[in-house]
Amino acid sequence: MAAPSGGVNCEEFAEFQELLKVMRTIDDRIVHELNTTVPTASFAGKIDATQTCKQLYESLMAAHASRDRVIKNCIAQTSTVVRNLREEREKNLDDLTLLKQLRKEQTKLKWMQSELNVEEVVNDRSWKVFNERCRIHFKPPKNE
């Protein structure tokens with residue numbers, strides 16, 4: 001699933017996580033998708049497994065790239081907010097509200113950065129399953 005049009009709300013971490021959850025649907029359902037679309041040896045003549053695997057490959061590539069873009073965009077936005085809050089904090093060391101906001105944004109930034117690790121695990125799992133089922137039907141281009 002591609003990122004929704006109209007941009008992503010990076011300000012609320014819960015919304016950010018919910019968006020990623022929805023965007024990871026293709027990865028969550030890959031085993032089911034492969035079981036229902038890539039034939040076993042007994043059904044090999046009834047379905048074009050090469051085309052099915054190619055389409056799934058393209059869908060996975062698009063989904064992974066889209067999520068990567070969303071995560072990195074939100075990390076960049078939140079990093080800018082943290083940097084600005086740090087600069088303000090240096091000018092006004094007595095402002096506890098500012099300190100609280102800075103800590104909140106730093107925590108959110110760490111959570112967003114940890115989503116990159118989650119993304120790596122999700123992607124690795126999907127490609128492993130894809131390769132197990134599609135390696136004899138479809139060979140992805142070497143440059144990707």
Side-chain angles (χ1 to χ4, degrees), residues 1-90 95-144:
M1 174 178 178
S5 58
V8 177
N9 181 5
C10 300
E11 293 177 21
E12 288 297 324
F13 186 73
E15 288 180 33
F16 169 77
Q17 259 189 326
E18 187 61 31
L19 174 66
L20 290 178
K21 180 181 170 188
V22 170
M23 292 176 76
R24 287 180 178 140
T25 302
I26 188 171
D27 293 88
D28 294 340
R29 295 184 179 162
I30 189 167
V31 172
H32 178 267
E33 182 78 20
L34 287 167
N35 285 341
T36 58
T37 58
V38 177
T40 57
S42 59
F43 292 102
K46 297 181 176 139
I47 297 173
D48 183 2
T50 301
Q51 186 61 29
T52 301
C53 286
K54 182 177 190 247
Q55 288 171 344
L56 184 58
Y57 170 81
E58 290 168 354
S59 295
L60 281 171
M61 288 297 290
H64 293 176
S66 179
R67 290 195 311 259
D68 188 63
R69 239 184 344 269
V70 166
I71 294 168
K72 288 180 178 173
N73 180 42
C74 283
I75 287 172
Q77 284 182 30
T78 306
S79 293
T80 300
V81 170
V82 167
R83 187 173 42 256
N84 292 341
L85 286 171
R86 268 196 194 123
E87 289 170 3
E88 284 182 51
R89 174 80 176 132
E90 288 172 9
D95 190 342
L96 293 178
T97 306
L98 197 57
L99 177 62
K100 195 182 234 183
Q101 182 65 25
L102 175 61
R103 296 290 181 248
K104 179 182 168 197
E105 292 296 323
Q106 287 173 326
T107 301
K108 183 171 66 171
L109 179 59
K110 287 176 188 168
W111 287 342
M112 287 179 174
Q113 289 168 333
S114 74
E115 283 298 327
L116 285 174
N117 296 329
V118 171
E119 189 64 16
E120 185 178 349
V121 170
V122 168
N123 292 354
D124 287 349
R125 176 187 162 275
S126 294
W127 287 123
K128 181 177 183 252
V129 171
F130 175 86
N131 287 325
E132 286 171 0
R133 290 297 300 275
C134 284
R135 68 176 170 248
I136 60 173
H137 304 292
F138 175 75
K139 299 280 188 251
K142 295 268 187 227
N143 61 351
E144 296 179 23

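Just so you know, these numbers come straight off a predicted model, no measurement behind them.
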Does Ile75 offer a backbone N or O that forms a donor-acceptor pair with the side chain of Thr78 under 3.5 Å?
no

More than 12 heavy atoms of other residues, nucleotides or ligands under 6.0 Å from NZ of Lys104: is that the case?
no

Can a donor-acceptor pair be found, under 3.5 Å and without considering hydrogens, that links the side chain of Asp68 to the backbone of His64?
no

For the student: nearest non-hydrogen atoms of Arg24 and Ile71, plus distance
NH2-CD1, 4.2 Å

Below 4.5 Å, heavy atoms only, C-beta onward: do Trp111 and Glu115 meet side chain to side chain?
no

Working to the nearest 0.5 angstrom, can you tell me the gap between Arg67 CZ and Ile26 CD1?
8.0 Å

Answer yes or no: is there a side-chain heavy-atom contact under 4.5 Å between Val121 and Asn117?
no

Working to the nearest 0.5 Å, report the span between CG of Asn131 and SG of Cys53.
10.0 Å

Closest heavy-atom contact between Glu105 and Leu85?
CG-CD1, 3.6 Å

Kindly give the heavy-atom pair with the smallest separation between His137 and Thr50, and that separation in Å.
O-OG1, 3.0 Å

Which pair of heavy atoms, one from Ser126 and one from Leu60, lies closest together, and at what distance?
CB-CD2, 4.2 Å

Rounded distance (nearest 0.5 Å) linking atom OG of Ser59 with atom CD of Gln55
7.5 Å

First locate atom NZ of Lys128, then atom CD1 of Ile30, and finally report the distance between them rounded to the nearest 0.5 Å.
12.0 Å

So Asn84 and Thr80, do their side chains get closer than 4.5 Å, heavy atoms only?
yes

So Leu109 and Val81, side chain to side chain contact (heavy atoms under 4.5 Å, CB included) or not? Walk me through it.
CA-CA 10 Å; Leu109 179 59; Val81 170; over 6 Å; no

Correct closest heavy-atom pair for Glu15 and Asn9 would be OE1-ND2, 2.7 Å

Criterion side chain to side chain contact (heavy atoms under 4.5 Å, CB included) on Val31 and Arg125, from CA distance to verdict
CA-CA 10 Å; Val31 172; Arg125 176 187 162 275; 4.1 Å; yes

Is the shortest side-chain N to carboxylate O distance from Glu87 to Arg83 below 4.0 Å?
no

Compare every heavy atom of Phe130 with every heavy atom of Pro140, then report the nearest pair and how far apart it is.
CG-CE2, 4.5 Å

Give a yes or no on whether Arg29 atom CZ has more than 12 heavy-atom contacts from other residues, nucleotides or ligands under 6.0 Å away.
no

Quick one: CG on Leu20 to CZ on Phe13, what's the gap to the nearest 0.5 Å?
8.0 Å

Indicate yes or no: does Lys108 engage Glu11 in a salt bridge with an N to O separation below 4.0 Å.
no

Stepwise, does the side chain to side chain contact (heavy atoms under 4.5 Å, CB included) test hold for Met112 with Cys10?
CA-CA 9 Å; Met112 287 179 174; Cys10 300; 4.2 Å; yes

Decide yes or no on side chain to side chain contact (heavy atoms under 4.5 Å, CB included) for Val22 and Glu18, but give the supporting numbers first.
CA-CA 6 Å; Val22 170; Glu18 187 61 31; 4.2 Å; yes

Side-chain touch Leu116/Lys72, heavy atoms, less than 4.5 angstrom
yes

Ion pair check, Glu90 and Arg86, cut-off under 4.0 Å:
no

Below 4.5 Å, heavy atoms only, C-beta onward: do Thr52 and Phe138 meet side chain to side chain?
no

